[in-house]
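In what follows, a structure is listed as structure tokens, so that the remarks can point back to it.
Naming: A, B, ... by sequence-line order, numbering from 1 per chain. Nothing here was measured: the structure is a model prediction, and the numbers come from that model.
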Amino acid sequence: MSMEDLYQEIILDHYRKPHNQAPTLEDEDVHVHHSNPLCGDEMDLRIRVADGRLDGLVFDGEGCSISQASASAMSDVVIGRELPDALDLAEEFRRMMHGDEPTRADDLLDAVAFQGVAKFPVRVKCALLGWMAMKDAIESHQRGATAHTVTHDEE
Amino acid sequence: MSMEDLYQEIILDHYRKPHNQAPTLEDEDVHVHHSNPLCGDEMDLRIRVADGRLDGLVFDGEGCSISQASASAMSDVVIGRELPDALDLAEEFRRMMHGDEPTRADDLLDAVAFQGVAKFPVRVKCALLGWMAMKDAIESHQRGATAHTVTHDEE
Amino acid sequence: MAFDVATLRKEFPTLSRELEGHRLVYLDSAASSQTPVRVLDAMDHYYRWSRSNVHRGVYPLAEEATDLYEGARSSLARFVDADPRGVVFTKNATEACNLVAYSWVRREMHPGEAILTTVMEHHANHVPFTHAANERGLEVRHIPLTSDGQLDLEAAGELLADGRVTFAAIGHVSNVLGTINDVATIADMVRSANPDAMVQVDGAQAVPHLAVSFRDLGVDFYAVTGHKMLGPTGIGALLADPDRLESMEPFLTGGDMIRDVTLEGATWNDVPQKFEAGTPMIAEAAGLAAAVDVLTELGMDAVREHEVALTTRLLDALDAMPSIEVHGPRDPQVRGGAVSFAVDGVHPHDVGAMLGSRGVCVRVGHHCTKPLMRSLGVNATVRASVYVYNDADDLPPLIDGIEAAQAFFAR
Amino acid sequence: MAFDVATLRKEFPTLSRELEGHRLVYLDSAASSQTPVRVLDAMDHYYRWSRSNVHRGVYPLAEEATDLYEGARSSLARFVDADPRGVVFTKNATEACNLVAYSWVRREMHPGEAILTTVMEHHANHVPFTHAANERGLEVRHIPLTSDGQLDLEAAGELLADGRVTFAAIGHVSNVLGTINDVATIADMVRSANPDAMVQVDGAQAVPHLAVSFRDLGVDFYAVTGHKMLGPTGIGALLADPDRLESMEPFLTGGDMIRDVTLEGATWNDVPQKFEAGTPMIAEAAGLAAAVDVLTELGMDAVREHEVALTTRLLDALDAMPSIEVHGPRDPQVRGGAVSFAVDGVHPHDVGAMLGSRGVCVRVGHHCTKPLMRSLGVNATVRASVYVYNDADDLPPLIDGIEAAQAFFAR
Ligand SMILES: Cc1ncc(COP(=O)(O)O)c(C=O)c1O
Ligand SMILES: Cc1ncc(COP(=O)(O)O)c(C=O)c1O
């Protein structure tokens, strides 16, 4: 387990200068709070939906570099996408974390850099946290909810 | 564990021709039934007391050669003895089964032959069965009972 | 198909030992099997190379230990055709049965309901449930035996008729009679009488000797033990449907089985971890996986074939002796390799001691089946049991020893 | 008095391994200790020479196995100054705590009574009792911490004042803060407030590191685990007064723990067997006895002295670093060798990964003490823990690794 395998430069860039990290989002439609008690990661994630697309997304939270960087990379991937497409990419990322080759590698942008995390089972949950929060926010929106809190260790 | 260590000729003699084995005792004062569910040994033992002495004792039961032979040897030791003396010898035998040198070896008669059984922990309970039944019969008599049933694996 | 026993025996160090100046003949595998060197090596490798605790470790040693442990779960799951998420590691089969008694029977059954079991159960598959039944006010019903030591299924039908049986605890293979019970059929009967009924099977004597498919059996819980299947001591498993486990309250609680803990209470981890509290049997899991590999390599069909052949010889040899009564089915096809018998006029303890003095290891006693002993009308039996490393050479010392006991103790 | 660490290290094969091109530095003994070759040899000897089941066997192999197993019980009893009849072998400390939760708390406590515990407990000594308390309608009270990570005994006195506390569960040594709790004094306080109250102590982190006398502590139950005291995985123990055990209902039921079984119910075996259902951890017991021998040979006073010296150096080194906050007592005399800390600005996971990549094994996370994490106001900590085989050479790689993490993750 070398530091380079896990912490690719792209990941560190996102960690040092996260994109779309903010405590509030104007006109937010849904706010979810996810926590993983096993590692102690916590994340607030807010989305705004317009015309069936993710018009805005911000996250804020506490967690290791992997979870923060992954949420940052995720935000770049999904902002502007149609909701089902964002969900599809969340599933794509989840499969990648289980060792599958991504089929939409291009669309995953910087998130592809997390492929190596699959080799570190304890860190997979960190990388997934932001993605699962985003998925939950969209699904909450789809069923008309505006907030949701999830405590998980599932994926 | 050679057969000779365990089954001394004296023991086999008692097993083949047990002394004082009988289903009934005339004018019995106490009848106890002891069983050891762990090995399945069962024993009925009856005593008759006169002038503070064990005037008569018979046993009957089902069990391995060690338990039967030990009861037979025990009967020779205690019949005719004063009750406290018989109890003392029971304790002496119990200690011998735990590896102690007997201090009243002469009084134990053939029962000394069971000294080697101490080396076979699973068989110690067999050798003790008759002695413990006798002890219980005396103690029952001392508290005025005429019958007692004990299921044991204790010693 | 068949394997070479002489070659295989080399992997079992204890078997090459001398006992009392005799070749050691081990005929007590139904109590605990021998352990091949490959299993010892697997445990040793963990201790010497990857020694650390599992789960949550971020350093390579801990990841290796976790992979070993979770890999062992997958191996066992494959071996018994179960979902790995439905494999809960326990310390032995007995703990697996208790898990069911605490997390199912005590919690989900109510006065008026009945438990169906059999008179041939090992105490592990009997006492946890009668203990729970006594506390919960449940009735317990026992399937009796036919004269040849099989379960009386007609009687079972009657015991099920009123539909009040909501839980059944049945042994797959008897450790005394050798009887292989048709648990799939019994499970069907139980569910026909009450579709909500649960079926728990004690597979301690089955998994080492038969190809077992948990999925095909169609039962709810299945208890496994490692030390009888070439594995180490200290590990067993409960097999169950993961969704079923998910719906149940945990049994042992503490570290590793929680999702979150507050001062007031806790939420539970996913299955199967939810049922595995505390530091698990890591080395033992690695050893069990190696045992599964050995058995898989031999092939469970070949294992069974070997045992049927040897049991046939054993039964024939005993039948040819005077004053020997074999308990349990006579047909080797419907039974395993545990053979219990009585030697007329010689107490089992004395037979066992004579055999032991000649290097022959058999078990004597009630074999943790007191109700069965009562039903057979005996206090104890002598039991010889064969496994993969036994061969025809192991039988003459047994037979000779029994004859010697008969002569020695003749009155 | 002192022992030579360099010589001792040779007995621990994993320690001579390279990890990621670096010397392996094992600082995670609070999670699980390394296992010396002597312990592996003891288990191997059982498997290769005396492999058979214990109790009731009449052949020499089985007697040897029984002697090993019961001899291990006596060894452990001597080591912790307890009555062997009051030593119940379990699979780990967690099972020991659950035994108490099921056979005592759930059976003997009644609504209106309260349990006293602490915010620093490991989940093993917390969840079994809060789970039982929630089911039985019992109140749970928590002794808070002083600012230097000790139990606030004044607050404890207040929690005891109404006399309703009838059970206390206290850790002997914290696996996170290192704090050594004065359990004898707390036990006295508990009993002064209510003479009938029972005291349960979690000794998982104490027995490996301190000379423990169960008799002198004067508590009722004491949980021990093998894998943290140089022993194998898969074994632990509950210590208790034999008469107390005698008076309790059994927990796990099945084979070996019964006196007699009928179709209707069962009577229980003598203690401690009454609490040991099923085939026990035979090899593991042999291994644990060997571990006890190693520790006895080193001398527990010397072990403690060694750890105090090393912990002093570790605390000094951490204190000398910028942006490091150590949790728990600063005085090495009142604490063990588990040292938790926060690295400002770097998440524990990232610290752990950096250390792991340099061959330094530490634990990061909540250490199965979620309530303590909340009380400290953190999500996780980095924990380095030392044991007999660590020496001063193990500290620079730790310190360097932390510095590297600080540099690497500086934003
Ligand atoms: C303080 C403390 N108590 C209890 C335990 C539980 O021990 P085990 O996992 O062996 O059951 C541990 C270790 O994990 C511990 O550190
Ligand atoms: C049929 C049967 N069930 C259950 C058990 C209990 O297994 P364990 O002692 O490994 O818990 C045994 C073995 O002793 C057995 O033979």
Side-chain angles (χ1 to χ4, degrees), chain C residues 13-14 17 19 28 31-32 34-35 40 44 47-49 51-53 56 58-61 91-95 97-98 122-124 127-128 130-131 134 142 227 232-234 252-255 258 260-263 265-266 277-279 281-284 349 352-353 356 361 364-365 368 370-371, chain D residues 13-14 17 19 28 31-32 34-35 40 44 47-49 51-53 56 58-61 91-95 97-98 122-124 127-128 130-131 134 142 227 232-234 252-255 258 260-263 265-266 277-279 281-284 349 352-353 356 361 364-365 368 370-371:
Chain C
T14 306
R17 179 177 167 184
L19 210 56
D28 197 17
S32 211
Q34 294 298 315
T35 319
L40 305 183
D44 222 48
Y47 280 121
R48 286 174 187 263
W49 187 250
R51 181 73 178 97
S52 62
N53 213 327
R56 292 186 314 278
V58 291
Y59 54 88
L61 229 49
K91 68 176 172 179
N92 52 26
T94 303
E95 185 195 333
C97 296
N98 276 274
H122 187 281
H123 294 160
V127 184
T130 53
H131 191 226
N134 285 341
H142 291 85
H227 66 94
T233 58
L252 302 177
T253 61
I258 56 95
D260 199 3
V261 175
T262 62
L263 291 181
T279 300
M281 299 65 75
I282 309 168
E284 290 82 351
H349 261 177
C361 307
V364 302
C368 295
K370 291 284 292 180
Chain D
T14 305
R17 180 178 166 182
L19 211 56
D28 196 18
S32 210
Q34 294 297 315
T35 319
L40 305 183
D44 221 48
Y47 280 121
R48 286 173 187 264
W49 187 249
R51 180 73 178 101
S52 61
N53 213 326
R56 290 186 316 277
V58 291
Y59 53 90
L61 229 50
K91 68 176 174 180
N92 51 28
T94 304
E95 184 194 333
C97 297
N98 276 274
H122 187 280
H123 294 160
V127 184
T130 52
H131 191 225
N134 285 340
H142 291 86
H227 66 95
T233 58
L252 301 177
T253 61
I258 57 97
D260 200 2
V261 175
T262 62
L263 292 181
T279 300
M281 299 66 75
I282 310 168
E284 290 82 351
H349 261 176
C361 307
V364 302
C368 295
K370 291 283 293 181

Original post:
Do you know which of C:P232, C:G365, C:A93 has the most heavy-atom pairs with chain D at a distance under 4.5 angstrom?
Top reply: C:P232

**OP:** Tell me, out of D:L263, D:D260, D:D28, D:L19, who's got the most heavy-atom pairs with chain C below 4.5 Å.
**Re:** D:L263

Original post:
Is the closest side-chain donor-acceptor distance between C:H227 and D:T279 under 3.5 Å?
Top reply: yes

Original post:
Under a 4.5 Å cut-off applied to non-hydrogen side-chain atoms, are C:M281 and D:E284 in contact?
Top reply: no

Subject >> With D:R51, the side chain to side chain donor-acceptor pair (under 3.5 Å) member among C:T233, C:T14, C:T35 >> reply: C:T35

Subject >> Part of D:I282 lying under 4.5 Å from any heavy atom of chain C >> reply: both

Original post:
So which of D:R48, D:H122, D:Q34, D:K370 has the largest heavy-atom pair count under 4.5 angstrom toward chain C?
Top reply: D:R48

Original post:
Taking all non-hydrogen atoms of both residues, which atom of C:P60 and which atom of D:G356 are closest, and how far apart?
Top reply: CD-O, 3.8 Å

**OP:** Could you check which of C:P371, C:A124, C:A283, C:C97 has the highest count of heavy-atom pairs closer than 4.5 Å to chain D?
**Re:** C:P371

Original post:
Got D:K91 and C:E95 here, is their nearest side-chain heavy-atom distance under 4.5 Å?
Top reply: yes

Subject >> Where D:N53 and C:A31 come nearest, the two heavy atoms and their spacing >> reply: ND2-O, 2.9 Å

Original post:
Between C:T253 and D:N98, which heavy-atom pair has the shortest distance, and what is it?
Top reply: O-ND2, 2.8 Å

**OP:** Find the one option among D:T130, D:N134, D:D44, D:T262 whose heavy-atom pairs under 4.5 Å with chain C are most numerous.
**Re:** D:T262

Original post:
Are the side chains of C:V127 and D:V261 in touch, meaning some heavy atoms are under 4.5 Å apart?
Top reply: yes

Original post:
Minimum heavy-atom separation for C:A353 to D:V58, with atom names?
Top reply: N-CG2, 3.9 Å

**OP:** Might you point out which heavy atoms bring D:S32 and C:S52 nearest each other, and give the distance in Å?
**Re:** CB-C, 4.3 Å

Original post:
Taking only residues two or more places apart in sequence, or in another chain, which ones meet C:H123 in a ring pair (Phe, Tyr, Trp, His ring centres under 6.0 Å)?
Top reply: C:H366

Original post:
How close do D:G255 and C:C368 get, heavy atom to heavy atom, and via which atoms?
Top reply: CA-SG, 3.8 Å

